[in-house]
Amino acid sequence: QVQLIESGGGLVQAGGSLRLSCVASGRTFSTSTLAWFRQAPGKEREFVAGNAWSGGSFYYVYYSDSVKGRFTISRDDAKNTVYLQMNSLKPEDTAVYYCATKWRSGRFSNPNEYDYWGQGTQVTVSS
């Protein structure tokens, strides 16, 4: 049984930083794609950042345009954990943040391709 548990959300002022963590269990994750999505009230779930095994010794990393240069995704396969370091936060970053994982190739940004999801963690950025 695969489980993903997020933590690290909270309330922060604009310009501040937060670091989200997602601990995975139930399967080997070193060959998986791990990603972060977010969903604001009344909006669709959107891709934030992803980290995918290349099949070799490195990982591909992708970011949405809205967070590029401000957010950094990283993973520690020894701890089965993926992180999202969020800097220079803006009020429009306010959302519930979810981590997700899959083992098949495809588009990073398509939430329908992900097989497992965490319960989400709330991030609120005040102006």
Side-chain angles (χ1 to χ4, degrees):
Q1 180 81 5
V2 174
Q3 284 191 318
L4 303 173
I5 300 177
E6 303 99 333
S7 62
L11 173 64
V12 64
Q13 287 189 330
S17 299
L18 282 174
R19 187 194 196 202
L20 305 184
S21 300
C22 174
V23 179
S25 63
R27 191 168 168 177
T28 300
F29 290 88
S30 59
T31 59
S32 73
T33 295
L34 291 165
W36 289 95
F37 289 78
R38 66 186 181 187
Q39 189 166 18
K43 295 188 177 181
E44 293 186 350
R45 192 166 296 190
E46 66 168 342
F47 171 77
V48 175
N51 182 309
W53 183 54
S54 67
S57 60
F58 64 94
Y59 292 85
Y60 295 108
V61 177
Y62 292 95
Y63 298 95
S64 69
D65 289 341
S66 62
V67 307
K68 199 173 295 182
R70 300 188 297 123
F71 291 11
T72 302
I73 187 171
S74 61
R75 64 194 289 164
D76 184 340
D77 287 331
K79 297 181 179 180
N80 277 353
T81 302
V82 60
Y83 304 97
L84 186 68
Q85 178 66 44
M86 305 186 295
N87 299 328
S88 302
L89 282 161
K90 305 175 181 180
E92 51 263 44
D93 294 319
T94 295
V96 177
Y97 283 69
Y98 299 89
C99 68
T101 190
K102 62 174 179 171
W103 281 266
R104 45 181 160 164
S105 59
R107 292 178 57 197
F108 266 108
S109 60
N110 185 358
N112 295 323
E113 294 190 10
Y114 288 80
D115 301 305
Y116 300 96
W117 293 83
Q119 82 289 349
T121 185
Q122 176 71 46
V123 171
T124 303
V125 184
S126 63
S127 57

Is the shortest side-chain heavy-atom distance between Val67 and Trp36 below 4.5 Å? no
Verify the cluster assignment for Val61 and Phe47: are they in a single hydrophobic cluster under the rule of side-chain heavy atoms below 4.5 Å apart? no
Pair Ser30, Thr28: side-chain N/O donor-acceptor within cut-off below 3.5 Å: no
How far does SG of Cys99 sit from CD of Gln119, to the nearest 0.5 angstrom? 7.5 Å
Do you know which two heavy atoms are closest between Arg38 and Asp93, and how far apart they sit? NH1-OD1, 2.9 Å
Applying the 4.5 Å side-chain criterion to the ILVMFWY set and letting contacts propagate, would Ile5 and Val82 be lumped into a single cluster? no
To check you understand the geometry: which heavy-atom pair defines the closest contact between Ala52 and Phe108, and what is its length? CB-CZ, 3.3 Å
For the residue pair Val48 and Phe71, what are the closest heavy atoms and their distance? CG1-CD2, 3.7 Å
Taken to the nearest 0.5 Å, the spacing of Thr33 OG1 from Arg107 CZ works out to 13.5 Å
Let me confirm one number: the CH2-OH distance from Trp53 to Tyr60, rounded to the nearest 0.5 Å. 11.0 Å
Quick one: does Lys90's side chain get under 4.5 Å of Ser66's, heavy atoms only? no
Could you measure the distance from the OG1 atom of Thr101 to the CG atom of Asn80? Nearest 0.5 Å is fine. 9.5 Å
Do the two ring centres, one from Phe37 and one from Tyr114, sit under 6.0 Å apart? yes
For a side chain to side chain contact (heavy atoms under 4.5 Å, CB included) check, start with the C-alpha distance between Gln39 and Tyr98, then their side-chain angles and the critical distance, and finish with the verdict. CA-CA 8 Å; Gln39 189 166 18; Tyr98 299 89; 4.2 Å; yes
Residue that, paired with Thr94, satisfies side-chain contact (heavy atoms from CB on, under 4.5 Å) out of Val125, Val123, Leu89: Val125
Close aromatic pair by centroid cut-off 6.0 Å: Phe29 and Trp103: yes
What is the minimum heavy-atom distance between Leu18 and Gly8, and which atoms define it? CD2-O, 3.9 Å
Is there side-chain contact between Tyr62 and Ser109, with heavy atoms separated by less than 4.5 Å? no
Among the clusters formed by ILVMFWY side chains lying less than 4.5 Å apart, do Val96 and Tyr116 turn up in the same one? no
State, to 0.1 Å, how close Leu4 and Cys22 come at their nearest heavy-atom pair, and which atoms those are. CB-SG, 3.8 Å
Taking the side chain as every heavy atom from C-beta outward, state whether Met86 and Leu20 have any atom pair closer than 4.5 Å. yes
Taking the side chain as every heavy atom from C-beta outward, state whether Tyr83 and Arg19 have any atom pair closer than 4.5 Å. yes
When you measure from the side chain of Ser54 to the backbone N and O of Tyr59, does any donor-acceptor pair fall under 3.5 Å? no
Are Arg70 and Tyr63 side-chain neighbours, meaning at least one heavy-atom pair lies under 4.5 Å? no
Where the side chain of Arg75 meets the backbone of Asn51, is there a donor-acceptor pair that is under 3.5 Å apart? yes
Looking only at heavy atoms, the pair that brings Ala49 and Leu84 closest together is CB-CD1, 4.1 Å
